[in-house]
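What you see is a predicted model, and the numbers here were worked out from it, not measured in a lab. Within every chain, numbering begins at 1; the chains are lettered A, B, ... in the order of the sequence lines, protein sequences first and strands thereafter.
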There are 2 protein chains.
Amino acid sequence: MSDASGDAVDAIIGQWEAERPDLADDLWPVQVIGRLQRLGWILEKEIKAFAAERGLELGEFDILTTLQRSGPPYELTAGAFRKAAMVTSGAITNRIDRMEAKGLVERVRDTGDRRAVKIRLTERGHEVTRTFMKEHLANEARILADFGREDSEELAAKLRKLLETLGDTSIK
Amino acid sequence: MSDASGDAVDAIIGQWEAERPDLADDLWPVQVIGRLQRLGWILEKEIKAFAAERGLELGEFDILTTLQRSGPPYELTAGAFRKAAMVTSGAITNRIDRMEAKGLVERVRDTGDRRAVKIRLTERGHEVTRTFMKEHLANEARILADFGREDSEELAAKLRKLLETLGDTSIK
DNA sequence: ATTGATTATTTCAACGTTGAGATAAAACCA
DNA sequence: TGGTTTTATCTCAACGTTGAAATAATCAAT
């Protein structure tokens, strides 16, 4: 059933129902996954633009915040980033290269394990992250302002449940 | 409040509360946006792998399904794809180039407006999309199987509301 | 009809990620 | 100690996207 009103996903499902009636009973996952995909795109674009205004790549922002929220001594290995950021090793190397050039982080060879490289937040990196993070949260609050706090809490609870179902229980 | 159990986002929020108590009251949007981001990554990876097993790029899959669900005569302009797929013009040109080489679509110069190029699904493209789509929906159903149909419906309703709030009401 | 503005697509260099292979160090085990 | 396996990072070519500039056709207005 495609309503006259609705979001883009309702329209897409309506198109499928008309074109492939044989699949009508199998379309229900699209309601969820299609919407999650669209929201992912929209939000990524939003946050990417926000970061770009401040001279940061999205991945670089990711490194900075991961590092700061990890707490003292504000250093993590490249491997830790790979897992936290869900990207490959080459991407981490490149990001750190760029950020080291900007003076936001520094590489510190681990004294114990000389294979490992600790990435440490510089004083400048700290400052940038501090102000950036506050603005970032304000921006996210703005994005959700019309949706509202109460709906946000309810939605968050359901999203948590889905993530747990999918096994996303760790940031290690 | 960071629970002992929970998903990755609960852990992240817990870290921020410890490291930046001054931001504690501003973290609520992360509950939603952080989770939407993670779900976007997870699902994209899942679907990308699924497409790759069948020799298709994610963007190519996007073109195929957009084309098929548009109904007869199964042709759209490059511009229509740009809007539907939320990507830039160069990306569309490249995708169509690759897919034309694979014999999945063909370019047809519009007889009326000779600036426009219609992208049309070939017979082979139709076949591929038909089988692919059925498997794709089965795959999505598998992903959501543990989450359940009822929770899916409830979650979908909230996601729709958020998308509408963000102005994502059209696929034109 | 001619000029100017707009619209549609393609081109292309820059960019970030991927992923396999290389390098190097540590851990394991005889 | 010596040899093998494992772990951590870096290297680098291939890949897809971005976004601005180029090309080409239509539309608008006089």
Taking for B:Ala78 and for B:Asn94 the nucleotide of DNA chain C with the nearest heavy atom, the one nearer the 5' end belongs to B:Ala78
Let me know, please, whether B:Asp113 or A:Asp113 comes out on the 5' side of the other along DNA chain C by nearest nucleotide.
B:Asp113
Among B:Val105, B:Val128, B:Leu104, whose side-chain contact (heavy atoms from CB on, under 4.5 Å) with B:Leu121 holds?
B:Val105
Looking only at N and O atoms, is any donor in the side chain of A:Thr93 or the base of D:dT11 less than 3.5 Å from an acceptor on the other one?
no
Is there a donor and acceptor pair, one atom on the side chain of B:Arg115 and one on the base of C:dT9, closer than 3.5 Å?
no
Between [X] and [N], is there a contact of a side-chain N or O with OP1 or OP2 at under 4.0 Å?
X        : N      : result
A:Arg95  : C:dT17 : yes
B:Arg107 : C:dT10 : yes
B:Arg114 : C:dA8  : no

Round to a whole Å and report the spacing from CG of B:Leu76 to C1' of C:dA8.
15 Å
State which of C:dT18, D:dC10, D:dA8 makes the closest approach to the side chain of A:Ala91.
C:dT18
If we ignore hydrogens and angles and just use 3.5 Å, is the side chain of B:Gln68 paired with the main-chain N or O of B:Tyr74 as donor and acceptor?
no
Test log, rule side-chain contact (heavy atoms from CB on, under 4.5 Å), inputs B:Leu155 and B:Phe147:
CA-CA 10 Å; B:Leu155 175 54; B:Phe147 187 59; 3.8 Å; yes
Presence of salt bridge, B:Glu46 and B:Arg142, under 4.0 angstrom
yes
